[in-house]
Amino acid sequence: MEIFKNFLGQLGNNNCDGVNDEGRLIEKIRELLETMRYIIVIDDIWDIHVWEIIKRALIENEYGSRIITTTRILDVAEQVGGDYKLRPLSSVDSRKLFNQRIFGVQDRYPPNQRALDISEKNLRKCGGVPLAIITIASMLASKKEEECTYQYWSRVYESMGSGLENSFDSLKDMRRILSVSYYDLPAHLKTCLLYLSLYPEDYKIKIKELVWRWVGEGFIHGKQGKSLYEVGEDYFHELINKSLIQPLDFDGGNMAMSCRIHDMVLDLITFLSIEENFLTPIGGQQPVLTPRKIRRLSFHTS
């Protein structure tokens with residue numbers, strides 16, 4: 001029901017908070033859409049039954065309106081109809097994105113032929129998927145001054161397994177690639193990142209709220225000359241720098257005041273949180289077996 005209220009809010013009708021009848025909400029949406037020319041994007045549908053419910057609120061009119069849906073699940077895409085599979089980036093565009101993230105410019109390359117060769121291997125493992133390229137490049141960029149570039153990049157390549165190249169299970173393999181960046185984090189950042197699985201998909205997380213939660217959980221280690229909150233802010237910006245969270249709402253000094261988690265990163269940390277019994281989500285899109293002992297519990301409602 002909440003999705004229909006959000007739908008109405010985006011259509012300019014914010015007077016439905018007291019309406020708790022799904023049929024009435026659907027009727028209001030159809031009335032508004034009947035005379036509109038619209039384009040509606042419904043992002044990340046996990047289940048065909050969810051689409052069947054949403055579809056009841058949508059109508060076909062004579063104004064050339066369009067509805068676009070996205071999903072990571074091929075069966076859902078085929079059942080919704082008219083599916084289009086996004087192509088991966090070309091090798092040229094993949095290289096530009098990789099170079100931009102590591103060196104700050106698209107036309108700068110690794111310092112020697114060996115480093116260039118291993119970077120090509122790393123790129124092939126990313127399979128042209130932008131998130132994979134940015135995540136791996138962010139990790140490589142953070143270490144390029146600390147260790148021999150070739151040796152470190154080679155270790156990353158070995159740890160990526162089969163990657164996304166010619167992958168038959170891209171979700172599983174994407175999780176494996178992202179896990180390389182996760183396991184490369186220091187222990188305190190691993191814990192802070194896992195904590196973000198508390199939040200539902202596409203939720204805007206405010207830095208002030210998040211850092212104080214980290215402090216309250218005891219995740220922040222004291223540092224001379226800085227308050228616990230200031231150290232927590234540093235942790236937050238480290239995760240942004242590693243492209244594991246997406247910055248939002250910049251202040252006058254161009255510092256992010258909130259963040260959002262990419263769907264695939266959330267998929268990874270939710271999986272790890274459940275596996276390590278760090279946090280148990282209830283009511284999310286994926287069914288979860290409830291462990292006998294629960295350390296943290298997160299209720300997600302639709």
Side-chain angles (χ1 to χ4, degrees), residues 1-10 25 40-55 57 67-77 79-80 83 86 129-132 134-135 169-179 181-182 189-207 209-211 213-214 236 239-240 242-249 256-290 294 296-302:
M1 193 177 301
E2 195 63 34
I3 190 172
F4 293 129
K5 290 184 178 182
N6 290 337
F7 211 140
L8 281 166
Q10 292 184 50
L25 292 170
I40 295 173
V41 180
I42 303 169
D43 185 40
D44 203 12
I45 298 175
W46 278 83
D47 191 305
I48 190 62
H49 299 298
V50 174
W51 165 246
E52 293 295 339
I53 293 169
I54 294 172
K55 189 169 67 171
I67 298 166
I68 299 171
T69 62
T70 71
T71 180
R72 293 176 252 167
I73 304 169
L74 183 59
D75 288 347
V76 172
Q79 290 181 66
V80 169
D83 62 299
L86 287 174
V129 177
L131 177 63
I134 289 171
T135 304
D169 190 346
S170 58
L171 286 178
K172 182 179 177 181
D173 291 328
M174 183 68 192
R175 186 184 288 168
R176 185 191 300 122
I177 284 180
L178 292 176
S179 70
S181 286
Y182 170 78
L189 288 185
K190 284 192 182 93
T191 305
C192 290
L193 183 62
L194 285 185
Y195 189 77
L196 297 181
S197 62
L198 171 79
Y199 296 95
E201 190 173 308
D202 296 327
Y203 188 87
K204 183 190 285 189
I205 306 166
K206 294 181 180 178
I207 181 173
E209 170 196 314
L210 177 62
V211 171
R213 282 175 176 265
W214 284 344
F236 179 84
L239 291 173
I240 288 175
K242 293 178 183 297
S243 299
L244 291 168
I245 58 177
Q246 300 170 309
L248 300 170
D249 301 330
M257 303 303 293
S258 57
C259 73
R260 185 172 286 140
I261 315 166
H262 192 285
D263 294 349
M264 292 304 302
V265 176
L266 182 59
D267 173 77
L268 169 68
I269 61 176
T270 300
F271 171 80
L272 292 172
S273 289
I274 294 167
E275 189 177 61
E276 299 177 16
N277 196 21
F278 179 86
L279 183 145
T280 303
I282 301 293
Q285 293 173 319
Q286 298 299 312
V288 174
L289 290 174
T290 306
I294 295 176
R296 298 174 183 85
L297 188 62
S298 174
F299 287 96
H300 293 187
T301 58
S302 58

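Numbers for residues simply follow the sequence, beginning at 1.
From Cys259, atom SG reaches atom CD1 of Ile205 across 4.0 Å, with rounding to the nearest 0.5 Å. Residue Glu276 holds its CD atom at 11.5 Å from CD1 of Ile269, rounded to the nearest 0.5 Å. Between the NZ atom in Lys206 and the CZ atom in Arg213 there is a gap of 12.5 Å [rounded to 0.5 Å]. One finds the OG atom of Ser197 at 10.0 Å from the CG atom of Leu268 (value rounded to the nearest 0.5 Å). Rounding to the nearest 0.5 Å places NZ of Lys242 at 7.0 Å from CG of Leu189. Rounding to the nearest 0.5 Å places CG of Leu239 at 11.0 Å from OG of Ser181.
Nearest approach of Ala57 to Phe4, heavy atoms of both residues: CB-CE2, 3.8 Å. Annotation for Leu266 and Glu201: closest pair CD2-CA, 3.6 Å, computed over non-hydrogen atoms.
Counting heavy atoms from C-beta outward, Leu196 and Ile245 have side chains that approach closer than 4.5 Å. Contact check for Tyr203 versus Ile261: no side-chain heavy atoms found under the 4.5 Å cut-off. Counting heavy atoms from C-beta on, the side chains of Asp47 and Val76 never come closer than 4.5 Å.
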Verify side chain to side chain contact (heavy atoms under 4.5 Å, CB included) between Ile42 and Ile68, making sure each step is shown before the conclusion.
-> CA-CA 6 Å; Ile42 303 169; Ile68 299 171; over 6 Å; no
Could you go through the side chain to side chain contact (heavy atoms under 4.5 Å, CB included) check for Leu244 and Tyr182 one step at a time? CA-CA 9 Å; Leu244 291 168; Tyr182 170 78; 6.0 Å; no
Quiz item: Between Leu131 and Leu178, is a side chain to side chain contact (heavy atoms under 4.5 Å, CB included) present by the stated rule, with each step listed?
Solution: CA-CA 9 Å; Leu131 177 63; Leu178 292 176; 4.2 Å; yes
- [ ] Let me see the working for Phe236 and Leu210 under side chain to side chain contact (heavy atoms under 4.5 Å, CB included), right down to the final yes or no.
- [x] CA-CA 9 Å; Phe236 179 84; Leu210 177 62; 3.9 Å; yes
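Judged purely by atom type and a 3.5 angstrom limit, Arg260 has no side-chain atom pairing as donor or acceptor with the backbone of Gln246. Remark: side-chain polar atoms of Thr270 are not paired, donor with acceptor, to backbone N or O of Asp267 under 3.5 angstrom.
Ring geometry for Tyr199 against Tyr195 counts as perpendicular: the plane angle is over 60°, on a 0 to 90° scale with 30° as the lower cut.
Salt bridge annotation for Asp249-Lys204: present, with a cationic side-chain nitrogen under 4.0 angstrom from a carboxylate oxygen.
Only one option out of Ile48, Thr71, Thr70 pairs with Val80 in a side chain to side chain contact (heavy atoms under 4.5 Å, CB included); it is Ile48.
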